[in-house]
*Asks:* 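Sharing a structure below in C-alpha cells format, with a few things to ask.
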Amino acid sequence: MSIEVSNESGVAMDESLVASVARFALDAMRVSPAVELAITAVTLDAMSELHERWLEEPGPTDVMSFPMDELLDESRRPDAPDLGPALLGDIVLCPEFAKAQARTAGHTLADELHLLTVHGVLHLLGYDHGEPDEEREMFSLQARLLATWRTSRAEAAARAAQRRTDSAVLGAAGLEDG
C-alpha cells in the first residue's frame with residue numbers, strides 16, 4: 001500500500017501520523033494492499049477553489065475526497081492482466097480550516113486531521129452522510145476506526161517503553177547483548 005502525504009498548507013502537521021491513520025483505516029476496511037492513496041494538505045484559498053469547482057459550494061471546507069474509478073472490477077475485461085497498484089483516490093485536507101473545528105471539539109489539530117483523514121478514506125470507499133442513517137453508519141465506523149488506531153498506537157508506545165526499560169536494566173546488570 002502506497003500512501004503519499006504532501007503538506008502544501010503552511011501549517012505544521014505530522015505527515016507520518018496522517019499516513020499511519022489512513023493505512024490503519026484502509027487495512028481495517030480490508031482494502032487491497034496494492035492501492036495507492038494521495039493525501040494533500042492545502043491552504044484556505046486552494047481548498048476554496050476546489051470546493052467551489054467540484055461541489056459548487058462557496059468558501060473552504062475541511063476535507064474533500066476524490067475517488068478514482070479504476071478500482072471497479074466491473075469496468076475491466078475478465079481476461080485483463082493485473083494492473084498492479086491502483087489509485088484509490090485523493091484526499092485533500094485543509095488544516096487552517098480544521099483548526100477552528102478542533103478548538104470547538106476540544107481536541108488538538110492533529111486529532112482533527114486524523115479524524116478528517118479517516119473521514120476522507122471512508123468517502124473514497126463509498127460511505128456518505130447525506131441521510132441520517134448513512135451519517136450514523138459512517139460516523140460510528142469513523143469513531144471506531146479512530147479509537148482502535150489510537151489504542152494500537154498507545155499499546156505500541158507502551159511496549160516500546162517497556163523494551164527500553166528492560167534493555168536499561170539488563171544493560172546495568174551486564175546481561176544485555178552488545
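Counting from 1, the numbers follow the sequence of the chain as shown. All figures in this text were calculated on a predicted structure; none of them were measured in a lab.
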*Asks:* Any sub-3.5 Å donor-acceptor pair from Ser2's side-chain atoms to Glu36's backbone N or O?
*Replies:*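 Checked: no pair found.
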*Asks:* For the atom pair CZ (Arg23) and OG1 (Thr117), what is the distance rounded to the nearest 0.5 Å?
*Replies:*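 Here the rounded value is 12.5 Å.
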*Asks:* Given Arg144 and Ser140, is the side-chain hydrogen bond (donor to acceptor under 3.5 Å, both in side chains) satisfied, shown in steps?
*Replies:* CA-CA 6 Å; Arg144 282 194 316 270; Ser140 173; 2.8 Å; yes
*Asks:* Tell me if a side-chain donor or acceptor on Glu52 pairs with a main-chain N or O of Gly59 at a distance below 3.5 Å.
*Replies:*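 Yes, the answer is positive, given that a donor and an acceptor are paired below the 3.5 Å cut-off.
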*Asks:* Going by the rule ring pair (Phe, Tyr, Trp, His ring centres under 6.0 Å), which residues pair with His129 if we only count those two or more places apart in sequence or in a different chain?
*Replies:*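 For His129 the ring pair (Phe, Tyr, Trp, His ring centres under 6.0 Å) partners, ignoring immediate neighbours, are His119, His123, Phe139.
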*Asks:* In the hydrophobic clustering that connects Ile, Leu, Val, Met, Phe, Trp and Tyr at side-chain heavy-atom distances below 4.5 Å, which members other than Phe97 occupy its cluster, ordered by chain and number?
*Replies:*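 Result for Phe97 is Leu44.
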*Asks:* Is the number of heavy atoms from other residues, nucleotides or ligands under 6.0 Å of Glu134 CD greater than 12?
*Replies:*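 Counting other residues, nucleotides and ligands, CD of Glu134 exceeds 12 neighbours.
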*Asks:* Same cluster for Leu37 and Val18 if Ile/Leu/Val/Met/Phe/Trp/Tyr side chains link at under 4.5 Å?
*Replies:*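 Same hydrophobic cluster.
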*Asks:* State, to 0.1 Å, how close Met1 and Ser32 come at their nearest heavy-atom pair, and which atoms those are.
*Replies:*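 For Met1 versus Ser32, the nearest heavy atoms are CE-O, 4.0 Å.
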*Asks:* Flag yes if Ile3 and Phe66 sit in one hydrophobic cluster, no otherwise; membership is Ile, Leu, Val, Met, Phe, Trp, Tyr, and two members link when side-chain heavy atoms are under 4.5 Å apart.
*Replies:*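 Each belongs to a different hydrophobic cluster.
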*Asks:* Are Val92 and Leu88 connected in the hydrophobic side-chain network, where two residues link if heavy atoms are under 4.5 Å apart?
*Replies:*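 They do not share one cluster, since no chain of ILVMFWY contacts under 4.5 Å joins Val92 to Leu88.
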*Asks:* Roughly how far, to the nearest 0.5 Å, is CG of Leu146 from CZ of Phe24?
*Replies:*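 Going from the CZ atom of Phe24 to the CG atom of Leu146 covers 9.5 Å.
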*Asks:* Can you find a pair of side-chain heavy atoms, one from Ile91 and one from Met64, that are under 4.5 Å apart?
*Replies:*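 Of all side-chain heavy-atom pairs linking Met64 with Ile91, none is under 4.5 Å.
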*Asks:* Do Thr43 and Asp45 pair up side chain to side chain, a donor and an acceptor below 3.5 Å, judged on atom types alone?
*Replies:*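 Not at all, the side chains of Thr43 and Asp45 share no donor-acceptor pair under 3.5 Å.
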*Asks:* Can Ile39 and Leu93 be said to form a side chain to side chain contact (heavy atoms under 4.5 Å, CB included), step by step?
*Replies:* CA-CA 7 Å; Ile39 302 172; Leu93 303 170; 3.9 Å; yes
*Asks:* With sequence neighbours excluded, what pairs up with Asp27 under the side-chain hydrogen bond (donor to acceptor under 3.5 Å, both in side chains) test?
*Replies:*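 Here no residue qualifies.
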*Asks:* Locate the shortest heavy-atom distance separating Cys94 from Thr61; write the atom from each residue and the value.
*Replies:*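 That closest heavy-atom pairing would be CB-O, 3.3 Å.
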*Asks:* Would you say that Val35 contacts Leu87 through its side chain, given a criterion of any heavy-atom pair below 4.5 Å between the two side chains?
*Replies:*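 Side-chain contact under 4.5 Å: no.
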*Asks:* Please identify which of these residues, Leu26, Val21, Leu116, meets the side-chain contact (heavy atoms from CB on, under 4.5 Å) condition with Val121.
*Replies:*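 Exactly one option meets the side-chain contact (heavy atoms from CB on, under 4.5 Å) with Val121, and it is Leu26.
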*Asks:* If you look at every heavy atom in Ser65 and Gly120, which pair is closest and at what distance?
*Replies:*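 Answer, listing the atom of Ser65 first, then Gly120: OG-O, 3.0 Å.
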*Asks:* Hydrophobic cluster membership, with links at side-chain heavy-atom distances under 4.5 Å among I/L/V/M/F/W/Y: are Val11 and Leu50 in one?
*Replies:*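 No, Val11 and Leu50 fall in different hydrophobic clusters.
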*Asks:* Do Val42 and Ser9 come close enough that some side-chain heavy atom pair is under 4.5 Å?
*Replies:*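 Counting from C-beta outward, Val42 and Ser9 never come under 4.5 Å.
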*Asks:* With sequence neighbours left out, write down each residue that passes side-chain hydrogen bond (donor to acceptor under 3.5 Å, both in side chains) with Thr165, or none if nothing qualifies.
*Replies:*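 Checked Thr165 against side-chain hydrogen bond (donor to acceptor under 3.5 Å, both in side chains); zero matches.
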*Asks:* Quick one: do Met47 and Leu109 end up in the same hydrophobic cluster if we chain Ile, Leu, Val, Met, Phe, Trp and Tyr together by side-chain heavy atoms under 4.5 Å apart?
*Replies:*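 Looking at the clustering, Leu109 is in a separate group from Met47.
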*Asks:* Just wondering, do Pro60 and His51 contact through their side chains at under 4.5 Å, heavy atoms?
*Replies:*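 Not touching, per the 4.5 Å side-chain cut-off.
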*Asks:* Does a side-chain heavy-atom distance below 4.5 Å link Trp149 with His114?
*Replies:*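 They are in side-chain contact.
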*Asks:* Taking atom CD of Glu4 and atom CD of Glu15, what is their separation to the nearest 0.5 Å?
*Replies:*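 Separation between the atoms: 11.0 Å.
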*Asks:* Residues in side-chain hydrogen bond (donor to acceptor under 3.5 Å, both in side chains) with Thr104, at least two apart?
*Replies:*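 With neighbours one apart ignored, the set is empty.
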*Asks:* With sequence neighbours excluded, tell me which residues meet side-chain hydrogen bond (donor to acceptor under 3.5 Å, both in side chains) with Asp128.
*Replies:*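 Here no residue qualifies.
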*Asks:* Measuring from atom CE of Met68 to atom CG of Leu124, what distance do you get when rounded to the nearest 0.5 angstrom?
*Replies:*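 Taking CE in Met68 and CG in Leu124, the distance rounds to 10.0 Å.
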*Asks:* Examine distances only and state if a side-chain atom of Asp111 and a backbone atom of Leu115 form a donor-acceptor pair shorter than 3.5 Å.
*Replies:*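 No, because the side chain of Asp111 does not come within donor-acceptor range (under 3.5 Å) of the backbone of Leu115.
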*Asks:* First locate atom CZ of Arg136, then atom CD of Glu131, and finally report the distance between them rounded to the nearest 0.5 Å.
*Replies:*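 Between atom CZ of Arg136 and atom CD of Glu131 there are 10.5 Å.
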